[in-house]
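Read through the structure below, which is laid out as structure tokens, and then see the notes.
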Protein chains: 2
Amino acid sequence: MGRNAPGLTDRDYRRLAEFRFLLRRFLAFSEAAATAAGLTPRQHQALLAIKGMPEGVAPTIGHLAERLAIRPHSAVELADRLEQAGLVRRTHDPADRRRVVLTLTPDAQARLAALSAEHLGELRRLSPSLLAILEHADTK
Amino acid sequence: MGRNAPGLTDRDYRRLAEFRFLLRRFLAFSEAAATAAGLTPRQHQALLAIKGMPEGVAPTIGHLAERLAIRPHSAVELADRLEQAGLVRRTHDPADRRRVVLTLTPDAQARLAALSAEHLGELRRLSPSLLAILEHADTK
DNA sequence: CGCCGATATATCGTGCCACGACATTTCCCC
DNA sequence: GGGGAAATGTCGTGGCACGATATATCGGCG
């Protein structure tokens, strides 16, 4: 039947797959919403990361890279596209001129606000299923 | 201070951003693990989706597309790459010859088993933080 | 106070992957 | 048994991340 090598059961695989499916549903919703708002999915994620940076953390290129879990030089390229799209402005940190701080334009603020409201709604809709799966994660 | 248009507070933005950050951490872990196992991230996700298909659902190209939330013709291309990499075999469904059923090769089985064990561990590690954020999602 | 390693950002070529538009095969049903 | 629908397949295009490499700025130490 199963043909499963280590201790993994078919239910383990299904649970992992189901978790990924829920993630993909959320991400697909997010991608569609961003596209409808005239942003690429990554641009939307970047705007949110900049606006939602933890307290006391400056929205620099490097910190953006950390929050998106990409390499710093990929964040540079993302910042290029954001700036070119008129969503972000670069300013050099006067205290450390190697650092580049990113600020949202009013246009970006507005689009992010609308998108964030939608996302909070979708999250409320999906969290029950996500919670159900995650709570099983610890138990055998 | 805030300059937030609709009812969104800075804490809302931070919560959304933090959620995305946790997702990215999990996904980055997954991408690294897949790459280390000699798979692309998408190939790994596909293998899991095929192996973890819900009971009674055949692992066809179309169903793979559904579970990964991509277009059917993108799943075709993914199946091409999987087949070429020796991870998957195509067989026509005798009951409906339009359908193509995907089956994992032994090599794919083995790699997926190892990866899935790692992922279950990582999920156990991350679920507390995810649960913490999701449980706040309903409350104002 | 001038040099050097470390840090932050930037540039370029490459590959994965998803998409839209379109084509082909097989099914289903009237 | 013919025509529309469904499942899969093909091709060109664009976004995005990466490794390798380059440049600017900082900080400390002799």
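A, B, ... follow the sequence lines: proteins, then strands. Residue 1 opens every chain. Quantities reported herein were computed from a predicted structural model and do not represent experimental measurements.
The residue S74(A) sits close to a base: some heavy atom pair falls under 4.0 Å.
For the pair I70(A) CD1 and dG15(D) P, the computed distance is 16 Å after rounding to whole Å. Taking atom CG of residue L64(A) and atom P of nucleotide dT9(C), one finds them 10 Å apart after rounding to whole Å. D93(B) has its CG atom 14 Å from the C1' atom of dA6(D), to the nearest Å. For the pair R42(A) CZ and dC18(D) C1', the interatomic distance rounds to 13 Å; values are reported in whole Å. When rounded to the nearest whole Å, the span between CD of E77(A) and P of dA10(C) equals 11 Å. When the P atom of dC16(D) is taken as reference, atom CD of E31(B) falls 15 Å away, rounded to whole Å. When the P atom of dG15(C) is taken as reference, atom CD of Q43(B) falls 15 Å away, rounded to whole Å. Look at NE2 on H44(B): it is 17 Å from C1' on dC16(C), rounded to the nearest Å.
Each of R99(A) and P72(B) was assigned the nucleotide of DNA chain C with the nearest heavy atom; the assignment lying further toward the 5' end belongs to R99(A). Looking at which nucleotide of DNA chain D each of H73(A) and G62(B) is closest to, the 5′-most match is held by G62(B).
Checking dC27(C), dA6(C), dT11(C) against every side-chain atom of V76(A), the shortest atom distance belongs to dT11(C). The side chain of R81(A) sits closest to dC16(D) out of dG19(D), dC26(D), dC16(D). The side chain of T40(A) sits closest to dG15(D) out of dC27(C), dG15(D), dC19(C). Of the candidate nucleotides dT26(C), dT11(C), dG9(D), dT11(C) has the atom lying nearest to any side-chain atom of D80(A). The nucleotide whose nearest atom lies closest to any side-chain atom of R90(B) is, among dA10(C), dC17(C), dG9(D), dG9(D).
Using a 30° and 60° split on the angle between ring planes, H119(A) and H44(A) fall in the tilted class, from 30° to 60°.
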Check against side chain to side chain contact (heavy atoms under 4.5 Å, CB included), R90(B) and V101(B): CA-CA 6 Å; R90(B) 275 175 159 97; V101(B) 178; over 6 Å; no
Residues F26(B), F19(A); criterion ring pair (Phe, Tyr, Trp, His ring centres under 6.0 Å); working and verdict: CA-CA 12 Å; F26(B) 174 73; F19(A) 177 62; 5.5 Å; yes
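Donor-acceptor pairing under 3.5 Å, judged by distance alone, is absent between the side chain of R97(A) and the base of dT25(D).
The phosphate of dA10(C) has neither OP1 nor OP2 within less than 4.0 Å of any side-chain N or O from R98(A).
Formation of a donor-acceptor pair under 3.5 Å by the R89(A) side chain with backbone atoms of L102(A) is not found in this model.
Under 3.5 Å, the side chains of S30(B) and R20(A) contain a donor-acceptor pair of N or O atoms.
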